[in-house]
Amino acid sequence: MARLLITGGAGFIGSHTCVVLLQAGHDLLVLDDFSNSTPLALERVSALAQLDNQSCQARLQVRRGDIRDPAGLDNLFAQSASAGAPIDAVIHFAGLKAVGESMRVPLRYWDVNLTGSRCLLAAMDAHGCRTLVFSSSATLYGYPECVPIPETAPIQPINPYGHSKAAVEQLLHDLAASAPNQWRIACLRYFNPVGAHPSGEIGEDPLGTPNNLFPFVSQVAVGRRKSLQVFGGDWPTNDGTGVRDYIHVMDLAEGHRAALDCLLAEPAQLLTLNLGSGQGASVLEVVHAFERASGRQVPYEHVARRAGDAAITVADPSLALQRLGWRTQRGLDDISRDGWAWQSANPDGYDEPG
Ligand code: NAD
Ligand code: UD1
């Protein structure tokens, strides 16, 4: 079992991954500035992993801090080592992820996503911790030239968010090349992470109006919003709406555990893997799956296409199966059922008491 630093561990994907890693027996130190999350998520993680008070203190430690703070990072690594519990590996979720916002405030995105990653890598290197799982994104593929998309497809991001993720991947390549046989790195390119823990205790809680389809649909179903705008009905797809590869966040969490196991078991390497299901679903298929799961109507209207959208993005996930023995286990109905469990129990997200 390893002791892991989880940056951004209170966020959507981080919180679900923490549950899976705790259940796998790892000890976690979460670093988060809570700019897009709440400590309550981690209290719920601890309950889901059935940690009692004593084991919680040892197995799920939480530090409020910023990944761009070199002194804070240095302390974290040094204190862990001097307490006899050095950090073995890092899972790096912390970052900003809203495409539209990244076009308005690119400096902020480059700062948090690239400078933050650089600070983290420098601290890791200085303390001899060279095992990292990095949250990359299918956004790197831009408008894909072929689907399903293999990892060898051209990297051609079309917005500052994507540029910042591509820059971090490049930095990781440069670092690995500079010290062969030292760095163990997995760049995981997520497709569309959605759904929630089946308990409905933790889930996605976007600030303000959701940009992404799933949280918007679930907020319509729960009555927080009147209707969904479907961006484009004339895409070259079966029903004219955009097709995406939705991946259940618990499958994604298990993908991180598998990637970590692989890095720790194999010789030093840099792995770049798509994490997706390999199955596409259209906007209307998502709407109908969510209606079945929730028993609620999801009214929608067609509007113009959204700038920057592609018709179809679907992963070729075969390399992850080959290298990690990992594939998704859950489909659109599971995603909708679990997403509804979260949304219906927490209509206002983590703001809702209880
Ligand atoms: P999230 O916003 O829910 O989680 C990110 C966490 O990082 C939050 O808890 C936030 O408070 C924290 N954070 C932000 N800036 C920080 C900083 N400077 N220092 C410390 N903590 C900071 O997002 P998520 O959906 O869980 O995404 C996690 C990672 O996966 C991100 O890097 C994101 O770019 C990447 N990703 C997400 C998606 C997606 O659709 N959710 C898709 C592809 C890649
Ligand atoms: C978006 C980002 C992508 C990021 C991904 C993370 C853009 C242009 N792309 O991708 O960079 O990696 O989130 O999950 O923002 N849709 C509607 N109505 C809505 C919202 C979405 O019809 O209110 C449609 C979209 O046109 C698309 C599909 O639903 O066809 C999925 O959209 P979304 O959830 O935003 O994900 P992506 O566009 O794949």
Side-chain angles (χ1 to χ4, degrees), residues 6-17 30-39 41-42 63-69 72-73 91-103 108-109 111-113 115-117 119-120 134-142 157-159 161-162 164-165 168 188-194 203-207 209-217 219-220 225 227-233 235 237 241-247 249 252 256 275-276 280-284 286-287 300-314:
I6 315 287
T7 73
F12 170 45
I13 303 169
S15 56
H16 291 78
T17 306
V30 169
L31 174 68
D32 203 303
D33 68 356
F34 301 108
S35 54
N36 197 34
S37 57
T38 161
L42 293 171
R63 296 282 179 277
R64 183 185 289 267
D66 194 311
I67 51 166
R68 292 165 296 176
D69 172 11
L73 287 168
I91 305 190
H92 179 30
F93 294 107
L96 303 179
K97 61 169 181 176
V99 170
E101 186 186 52
S102 80
M103 296 194 277
R108 208 171 143 231
Y109 272 69
D111 189 31
V112 175
N113 291 357
T115 308
S117 299
C119 291
L120 175 67
F134 171 61
S135 296
S136 190
S137 172
T139 201
L140 258 61
Y141 299 121
I158 53 170
N159 51 60
Y161 166 64
S164 69
K165 288 285 178 188
V168 177
L188 303 182
R189 295 178 180 163
Y190 315 153
F191 277 65
N192 290 60
V194 287
E204 187 172 13
D205 184 16
L207 281 177
T209 308
N211 300 307
N212 298 116
L213 180 65
F214 246 93
F216 204 105
V217 166
Q219 291 191 8
V220 172
R225 302 190 186 272
S227 79
L228 170 74
Q229 294 191 324
V230 176
F231 298 144
W235 293 103
T237 61
T241 66
V243 167
R244 296 291 181 274
D245 184 333
Y246 296 99
I247 171 171
V249 65
L252 193 56
H256 287 75
L275 294 188
S282 73
V283 174
L284 295 184
V286 167
V287 167
Y300 64 86
E301 54 175 331
H302 283 283
V303 298
R305 292 179 178 188
R306 177 173 66 179
D309 271 351
I312 306 178
T313 56
V314 174

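Remember, it's 1-based here, ligands and their atoms both numbered in the order they're listed.
In the vicinity of Asn192, heavy-atom distances shorter than 4.0 Å reach the ligand 2 atoms 14 (O), 36 (O), 37 (P), 39 (O). Atom numbering of ligand 2 starts at 1 in the shown order; those under 4.0 Å from a heavy atom of Asp309 are 8 (C), 25 (C), 26 (O), 38 (O). Taking a cut-off of under 4.0 Å to the non-hydrogen atoms of Tyr246, the atoms of ligand 2 that pass are 28 (C), 31 (C). For ligand 2, the atoms lying closer than 4.0 Å to a non-hydrogen atom of Val230 are 22 (O).
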Go ahead and list the nitrogen or oxygen contacts between ligand 1 and the protein that come in under 3.5 Å, distances to 0.1 Å, or just say none.
residue	atom	partner	partner atom	Å
ligand 1	2 (O)	Asn36	ND2	2.7
ligand 1	3 (O)	Phe12	N	2.8
ligand 1	9 (O)	Gly11	N	3.2
ligand 1	9 (O)	Asp32	OD1	3.2
ligand 1	9 (O)	Asp32	OD2	2.6
ligand 1	9 (O)	Ser37	OG	2.7
ligand 1	11 (O)	Asp32	OD1	2.7
ligand 1	11 (O)	Asp33	OD1	3.4
ligand 1	11 (O)	Ser35	N	3.1
ligand 1	11 (O)	Asn36	N	2.9
ligand 1	11 (O)	Ser37	OG	3.2
ligand 1	13 (N)	Asp33	OD1	3.3
ligand 1	18 (N)	Asp66	OD1	3.0
ligand 1	19 (N)	Ile67	N	3.1
ligand 1	21 (N)	Asp33	N	3.2
ligand 1	21 (N)	Asp33	OD1	3.3
ligand 1	23 (O)	Lys97	NZ	3.4
ligand 1	25 (O)	Lys97	NZ	2.8
ligand 1	26 (O)	Phe12	N	3.3
ligand 1	26 (O)	Ile13	N	2.8
ligand 1	32 (O)	Phe93	O	2.8
ligand 1	32 (O)	Lys165	NZ	2.8
ligand 1	34 (O)	Tyr161	OH	2.9
ligand 1	34 (O)	Lys165	NZ	3.1

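Applying the side chain to side chain donor-acceptor pair (under 3.5 Å) test to Asp69 and every residue at least two apart in sequence or in another chain returns nothing. Contacts of Tyr190 classified as ring pair (Phe, Tyr, Trp, His ring centres under 6.0 Å), with partners at least two apart in sequence or in another chain: His256. Listed by chain and residue number, Asp33 satisfy the side-chain contact (heavy atoms from CB on, under 4.5 Å) test with Ser35 (two or more places apart in sequence, or in another chain).
A side-chain contact (heavy atoms from CB on, under 4.5 Å) with Leu213 holds for exactly one of Val194, Leu228, Thr241, Val230; it is Leu228.
In terms of polar-atom proximity, defined here as any N/O pair under 3.5 Å, Asn159 makes no such contact with ligand 2. By the 3.5 Å distance cut-off applied to N or O atoms, Thr139 is counted among the residues near ligand 2. Below 3.5 Å of separation, one finds an N or O of Phe231 facing an N or O of ligand 2. Looking at ligand 2, you won't find any N or O of Thr313 less than 3.5 Å from one of its N or O atoms.
The option from Gln229, Lys165, Lys97 that lies nearest to atom 23 (O) of ligand 2, judged by heavy atoms, is Gln229.
Not a single donor-acceptor pair under 3.5 Å links the side chain of Asp245 to the backbone N or O of Gly276. A distance-only check finds no donor-acceptor pair linking the side chain of Ser137 to the backbone of Arg189 [under 3.5 Å]. Remark: the backbone N or O of Ala98 is paired with a side-chain donor or acceptor of Tyr109 at under 3.5 angstrom.
Looking at Leu213 against ligand 2, both its backbone and its side chain come within 4.0 Å, counting heavy atoms. Contacts of Val286 with ligand 2, taken as heavy-atom pairs under 4.0 Å, are absent altogether.
The single protein non-hydrogen atom nearest to atom 32 (O) of ligand 2 is Arg306 NH2, 3.4 Å, given as residue, atom name and distance.
Ser137 counts as a contact of ligand 2, since one of its heavy atoms falls under 4.0 Å from the ligand.
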